[in-house]
Structure formats: structure tokens, C-alpha cells
Amino acid sequence: QVQLVESGGGLVQAGGSLRLSCVVSGRPFSNLIMGWFRQAPGKEREFVAAISRSGGSTDYADSVKGRFTCSRDNAKNTAYLQMNSLKPEDTAVYYCAADDGVMVVRSKYDYWGQGTQVTVSS
């Protein structure tokens with residue numbers, strides 16, 4: 001079975017940084033595209049970022065462009081989301097996701113992590 005274990009969330013002041021990690025097992029990691037989503041209370045889940053299998057292509061939501069960076073280390077089966085210049089509106093539960101497809105997408109993912117809380121104080 002495919003498992004995604006996410007970590008790195010926490011409490012940070014506005015303007016600070018956090019790095020989320022997602023370790024994948026049960027499937028060759030290099031065959032998966034990786035995505036990041038977030039969901040705040042009372043709001044729908046929204047796309048944040050995605051990265052191709054090789055790491056050569058990335059996609060970001062407009063709300064995080066220039067502040068967030070996704071990357072991956074295929075030797076460690078780990079995807080990362082580096083979050084800089086955090087704002088209170090970034091507060092949400094963040095989820096990593098994986099998909100068997102080749103092309104980077106914003107909505108279709110087969111496997112999901114458990115989520116980690118990110119709270120940004122003003």
C-alpha cells in the first residue's frame with residue numbers, strides 16, 4: 001500500500017518560514033507526481049503547489065507564488081514544501097498528495113497524507 005507521512009507543521013509568526021516534509025512508501029517515488037493542498041476551517045480544500053516526477057517542472061497557486069517552493073529528493077523518497085514570508089491567511093491544515101500520472105495536475109491525486117497544522121500568528 002502507498003503511504004504518505006507528513007511532518008513539519010507548527011506555529012510561526014507572520015513573515016517567518018516553515019518547511020513541510022512528506023515521506024512516501026509503497027510505490028517507486030520517482031514514478032509519482034507530488035502535490036500540496038491546504039484547507040482552513042469553513043473553507044474548501046485548495047491547491048497550493050505541485051512538482052513533476054523528476055522535479056523539473058512545478059506549478060503554484062497564485063496566492064503562494066514567490067513565497068512557497070516545492071522540491072523533492074528522489075533518493076530519500078521525500079517531497080518538501082518550503083514556505084517563506086508566511087501570512088496569517090496561510091493558516092490551514094496542509095496535505096501532501098501523490099498521483100500515478102505523468103503530467104502535473106491540480107485536482108486529481110490518488111494518495112494523501114494525514115495533514116499537518118500550520119498556524120501563522122500576526
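FYI, side chains are in, hydrogens and waters are out, and symmetry mates aren't considered; it's all heavy atoms of this structure.
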For the backbone of [Y] and the side chain of [X], can you confirm whether one donor and one acceptor N or O come within less than 3.5 Å of each other?
X	Y	answer
Arg72	Ser52	yes
Thr91	Thr119	no
Ser63	Ala61	no

**Message:** I'd like to know whether CD of Gln13 has more than 12 heavy-atom contacts from other residues, nucleotides or ligands below 6.0 angstrom.
**Reply:** no

**Prompt:** Do you know which two heavy atoms are closest between Ala40 and Ala92, and how far apart they sit?
**Reply:**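 Scanning both residues completely, I find the closest heavy atoms to be N-CB, 3.9 Å.
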
**Request:** List the atom of Tyr109, the atom of Ala50, and the distance in Å for their closest heavy-atom pair.
**Result:**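 In terms of heavy atoms, the two residues are closest at OH-CB, 3.4 Å.
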
**Message:** Quick check for you: to the nearest 0.5 Å, what is the distance between Asp90 atom CG and Arg67 atom CZ?
**Reply:** 4.0 Å

**Prompt:** Taking side chain as C-beta onward, heavy atoms only, is Leu4 less than 4.5 Å from Met34?
**Reply:** yes

**Asked** Same cluster or not: are Ile51 and Met103 linked, directly or through other Ile, Leu, Val, Met, Phe, Trp or Tyr residues, by side-chain heavy atoms under 4.5 angstrom apart?
**Response**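 No, Ile51 does not connect to Met103 through the hydrophobic network.
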
**Asked** Under the salt bridge (charged side-chain N to carboxylate O under 4.0 Å, His left out) test, which residues partner Lys43, sequence neighbours left out?
**Response**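 Scan of Lys43 (salt bridge (charged side-chain N to carboxylate O under 4.0 Å, His left out), adjacent residues dropped) gives none.
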
**Item:** With Asp99 via salt bridge (charged side-chain N to carboxylate O under 4.0 Å, His left out) - residues at least two apart
**Value:** Lys108

**Fill in**
residues 69-88 vs ring pair (Phe, Tyr, Trp, His ring centres under 6.0 Å), sequence neighbours excluded, gives none

**Request:** Using a strict cut-off of less than 4.0 Å between a Lys/Arg side-chain nitrogen and an Asp/Glu carboxylate oxygen, indicate whether Lys65 and Asp62 qualify as a salt bridge.
**Result:**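 Between Asp62 and Lys65 there is a salt bridge, with a charged N closer than 4.0 Å to a carboxylate O.
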
**Item:** ILVMFWY clustering at 4.5 Å (side-chain atoms), partners of Val12
**Value:**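 Joined to Val12, directly or through intermediates: Leu18, Leu20, Trp36, Val48, Tyr60, Val64, Phe68, Leu81, Met83, Leu86, Tyr94, Val118, Val120.
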
Atom pairs and distances, side-chain donor-acceptor, residues 21-32, under 3.5 Å, sequence neighbours left out:
residue: Arg27; atom: NH1; partner: Asp100; partner atom: OD1; Å: 2.5
residue: Arg27; atom: NH1; partner: Asp100; partner atom: OD2; Å: 3.2
residue: Arg27; atom: NH1; partner: Tyr111; partner atom: OH; Å: 3.3
residue: Arg27; atom: NH2; partner: Tyr111; partner atom: OH; Å: 2.8

**Asked** Taking only residues two or more places apart in sequence or in another chain, which ones pass side chain to side chain donor-acceptor pair (under 3.5 Å) with Glu46?
**Response**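 If we apply the side chain to side chain donor-acceptor pair (under 3.5 Å) test to Glu46, skipping adjacent residues, the hits are Arg38.
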
**Prompt:** Less than 6.0 Å separating the ring centroids of Phe37 and Phe47?
**Reply:** yes

